[in-house]
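Below is one structure, written out as structure tokens; the observations come after it.
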Amino acid sequence: MSAPSNVASKSAGAPQDSESPGDSGSGSPAYIAALDVGTTCVRCFVLDERCVVRGSAVDAVELLNPQPGYFEIEPESLWRKIVNVISRAVKEAKLTPLEITCMTISTQRCTFLTWDHRSGEYYHNFITWKDLRADELVEQWNASWTKSSMNWFSYALFLVTRQSRFLAGSVLKLMNGQVTPRLLFEIMHNKKLKQALIQQKARVELLDSWILHKLKTGSSRDKDVEHITDVTSSTATGLYDPFTLSWSPLISWLFGINSKILPRVVDNAYRGFGQVHPTALGPDWANTKIPIAASLSDQTAAMWGSQCFKNNDVKVTMGTGAFLNLITGDRCHAAISGMYPLVAWQIKSQAKHQGAVYCIEGASHDFGTVVTWAQSCELFENPADTSDIAESVSDTNGVFFMPAFSGLGPPVNDYRSASGFIGLSPSTTKAHMVRALLESIVFRLVQLIESAENETSQKLQMIRVDGGVSRNDFVCQFLADLSQLSVERAENAESSIMGATFMAGINHGIWRNVEDLKCFRQVERVFEPRAKEYDTVANRMDKWVQAIARFSEWY
């Protein structure tokens, strides 16, 4: 059942007494500093109460690859970049730090480190969500008798109780993208971490909890600020149970992970996010008391930026990876196709269901990664040219590409699949290969869309797209033709920045509710499905699906 618009407004937990959208209540202009820490870049935008960007700064994240399959970020280098982009964005906005009304944080999920927060000693770098060091451990666990027994026992409990959480448990498995296997790997192989755990010095930081700690402590000696993470960052870790809204005691018991080393989970309107310490961002910030109004994951920020607030609203983020999120409302849906249930966001000011709004998510981890790889192979010079290159040929000349650098997710769920081209011939050109590459990432998206429809027994009508690859007209039109859904693209491509800004503005009282936000999202283009193209593109996808078997279980 779809939630009415007033329910969506209430779910934001907003004050109801502001006079008009954009009225901060104090008479002075409001300026929100929105920090977004992604996989490839760190960004900060300063926006006013009309959501006009007054200043921005971007810096590249240095992704370390110490050995094959390892993807890390050195924490102090990342912190310097965070400080740098915040300072530069405020300066470009021609503002002083004292004029910043509040700050908001959006972060990539499932990237973590362990450290002694009092001494500042790191036991390893940030291990990112792309990291594959625990791949062997994942395979062993997923093939184990323990995992099989747990799945069967969960299914038996479901048959008896009909509780959906047990149905979800019946298909539970480890995945490399979760924190669980990579944390286990470090506990097993990192001697410093092992010793620190024995001495009770080590704790786990997700990216958001670490940034909050650094912002709130600065250079002060008081390192005992509250150890917290927001619910949307914890929900995808594999350690968190979205059905009970807590760290899972079952997972802790199965893997021997003491939940005391994990941050406390708080909602997205938590009043205890605190203030930026005057020493955290340099001498220019010495006399400031800037509140941190919101902290949320990048995918939740993208949902808010795309204004997906009602049941069955869908957004697809096309970035380094592609993430499809479908809102399921106040019900946590037990997904069984390889998609997984998550807390989309939580505002505890709403008593019903503790203010939790849920979604199901499906991911294709090789999306923007495929485009970047093809550029490095000199299939094209600029990713912006790929749409025209793909349109320069009428089809792929029988060539297909399998985008599986990280395996294939739902509904295929083959994480041993290989990547590659198939169907090459002497007449194959770069244009054919580029088109095959772009078509393949759309094929994966359509698989996710079909899985979401099957999971929820709903026929979708429209999807909202964001992220860098969403600016590619060929990809968007091909997606509309193949899915037979309208594809809506906003003028502002910075969906996660906008979403983090929206949530902070409501939490801080700059706006009353999500109804006030509607005027800030302008649709740049809607790609409508072309019925006459469907048979042709559907036949191509059928052929591509046949090719999956040629690449399956390669590793």
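Only this structure's heavy atoms are used, side chains among them; waters, hydrogens and symmetry mates stay out.
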Original post:
Taking atom types as modelled and ignoring hydrogens, do the side chains of Asp298 and Ser106 form a donor-acceptor contact shorter than 3.5 angstrom?
Top reply: no
Original post:
Is the count of non-hydrogen atoms from other residues, nucleotides or ligands lying under 6.0 Å from Glu62 atom CD greater than 12?
Top reply: no
**OP:** Please step through side chain to side chain contact (heavy atoms under 4.5 Å, CB included) for the pair Leu63 and Ile73, ending with a clear verdict.
**Re:** CA-CA 5 Å; Leu63 202 59; Ile73 301 171; 3.9 Å; yes
**OP:** Return yes if some donor-acceptor pair links the side-chain N/O of Asn472 with the main-chain N/O of Val469 below 3.5 Å, else return no.
**Re:** no
Original post:
Are Leu326 and Glu455 side-chain neighbours, meaning at least one heavy-atom pair lies under 4.5 Å?
Top reply: no
Subject >> Main-chain N/O of Cys110 paired with Arg182 side-chain donor or acceptor, under 3.5 Å >> reply: yes
Original post:
Which heavy-atom pair separates Met303 from Ile327 by the least distance, and what is that distance?
Top reply: SD-CD1, 3.6 Å
Subject >> Heavy-atom side-chain proximity of Met103 to Ile86 below 4.5 angstrom >> reply: yes
Subject >> Glu491 atom CD, neighbour heavy-atom count above 12 within 6.0 Å >> reply: yes
**OP:** Please answer whether the main-chain N or O of Ala490 pairs with a side-chain N or O of Arg525 as donor and acceptor at a distance below 3.5 Å.
**Re:** no
Original post:
Do other residues, nucleotides or ligands put more than 12 heavy atoms under 6.0 Å from Lys532 NZ?
Top reply: no
Original post:
Looking at side-chain heavy atoms only, is the closest gap between Tyr240 and Thr229 below 4.5 Å?
Top reply: no
Subject >> Nearest heavy-atom neighbours spanning Pro403 and Ser419 >> reply: C-OG, 3.9 Å
Subject >> Side-chain heavy-atom pair Leu78, Ile82 within 4.5 angstrom cut-off >> reply: yes
Subject >> side chain to side chain contact (heavy atoms under 4.5 Å, CB included) between Ile548 and Gln447, intermediate numbers included >> reply: CA-CA 12 Å; Ile548 291 175; Gln447 286 187 321; 3.8 Å; yes
**OP:** Start with the C-alpha distance between Glu74 and Asn125, add both sets of side-chain angles, then the distance that settles side-chain hydrogen bond (donor to acceptor under 3.5 Å, both in side chains), and finish with yes or no.
**Re:** CA-CA 5 Å; Glu74 200 282 314; Asn125 289 330; over 6 Å; no
Subject >> Backbone of Ala60 reached by a side-chain donor or acceptor of Lys81 within 3.5 Å >> reply: yes
Original post:
Do the side chain of Asn268 and the main chain of Ala294 share a donor and acceptor less than 3.5 angstrom apart?
Top reply: no
Subject >> Side-chain heavy-atom pair Phe323, His365 within 4.5 angstrom cut-off >> reply: yes
Original post:
In terms of side-chain heavy atoms, does Thr237 have a donor or acceptor partner in Gln178 at a distance below 3.5 Å?
Top reply: no
Original post:
What is the distance from atom CZ of Arg416 to atom CG of Leu408, rounded to the nearest 0.5 Å?
Top reply: 13.0 Å
**OP:** Indicate yes or no for a side-chain donor-acceptor contact from Asp36 to the backbone of Ile497 under 3.5 Å, with no hydrogens or angles considered.
**Re:** no
Original post:
Looking at Ala452 and Leu324, what are the two nearest heavy atoms and their distance?
Top reply: CB-CD2, 3.9 Å
Subject >> Distance in Å, Met175 CE paired with Ser406 OG, rounded so as to fall on 0.5 Å steps >> reply: 12.5 Å
Subject >> Any donor-acceptor N/O pair, Thr104 side chain to Ala500 backbone, under 3.5 Å >> reply: yes
Subject >> Gap separating the OH atom of Tyr534 from the CG atom of Asn539, nearest 0.5 angstrom >> reply: 9.0 Å
Subject >> Check: Trp304 ring centroid to Phe309 ring centroid under 6.0 Å >> reply: yes
**OP:** Would you name the heavy atoms of Leu517 and Gln307 that are closest together and state the gap between them?
**Re:** O-NE2, 2.7 Å
Subject >> Leu379: which of Ile389, Val434, Thr386 passes side chain to side chain contact (heavy atoms under 4.5 Å, CB included) >> reply: Val434
Original post:
What's the shortest heavy-atom distance between Trp544 and Phe401, and which atoms?
Top reply: NE1-O, 2.9 Å
Subject >> Minimum heavy-atom distance Leu207-Phe126, with the two atoms named >> reply: CD1-CZ, 3.6 Å
**OP:** Measure from the side-chain N and O atoms of Trp511 to the backbone N and O of Glu49, and report whether any donor-acceptor pair falls under 3.5 Å.
**Re:** yes
Original post:
Under the side chain to side chain contact (heavy atoms under 4.5 Å, CB included) criterion, do Arg109 and Leu342 qualify, and how do the steps go?
Top reply: CA-CA 12 Å; Arg109 302 172 310 184; Leu342 299 174; 3.5 Å; yes
Original post:
Any side-chain donor paired with an acceptor under 3.5 Å for Gln477 and Asp481?
Top reply: yes
Original post:
Are Val42 and Leu35 close enough that some pair of their side-chain heavy atoms sits under 4.5 Å apart?
Top reply: yes
Original post:
About how many Å separate OG1 of Thr128 and CZ of Phe112, when rounded to the nearest 0.5 Å?
Top reply: 10.0 Å
**OP:** Measure the CZ-CG distance between Arg471 and Asp466 for me, rounded to the nearest 0.5 Å.
**Re:** 9.5 Å
Subject >> Arg550 atom CZ, neighbour heavy-atom count above 12 within 6.0 Å >> reply: no
**OP:** Return yes when atom CD of Glu381 has more than 12 non-hydrogen atoms of other residues, nucleotides or ligands closer than 6.0 Å, and no otherwise.
**Re:** no
Original post:
Would you say the ring centroid of Trp345 lies under 6.0 angstrom from that of Phe502?
Top reply: no
Original post:
Within a strict 4.5 Å, meaning less than it, do heavy atoms of the Tyr31 and Leu95 side chains meet?
Top reply: yes
**OP:** Look at Arg489 together with Asp473 and state whether they make a salt bridge at an N to O cut-off of under 4.0 Å.
**Re:** yes
**OP:** Just do the side chain to side chain contact (heavy atoms under 4.5 Å, CB included) check on Leu479 and Met318 with the steps written out, would you?
**Re:** CA-CA 12 Å; Leu479 177 59; Met318 305 179 187; 3.9 Å; yes
**OP:** Any chance you could measure Met433, atom CE, to Asn397, atom CG, to the nearest 0.5 Å?
**Re:** 12.0 Å
Subject >> Heavy-atom side-chain proximity of Cys51 to Met498 below 4.5 angstrom >> reply: yes
Original post:
Does CD in Glu528 sit with more than 12 non-hydrogen atoms of other residues, nucleotides or ligands closer than 6.0 Å?
Top reply: yes
Subject >> Crowding at NZ, Lys91 (>12 non-hydrogen neighbours, <6.0 Å) >> reply: no
Original post:
So, does Thr369 use its side chain to make a donor-acceptor pair with the main chain of Thr320 at under 3.5 Å?
Top reply: yes
Original post:
Judged by atom type as modelled, is there a donor-acceptor pair below 3.5 Å linking the side chain of Glu92 to the main-chain atoms of Ser56?
Top reply: yes
**OP:** Answer yes when Glu533 and Arg540 have at least one side-chain N-carboxylate O distance shorter than 4.0 Å, and no when they do not.
**Re:** no
Subject >> Arg133/Asp131 ion pair, N-O < 4.0 Å >> reply: yes
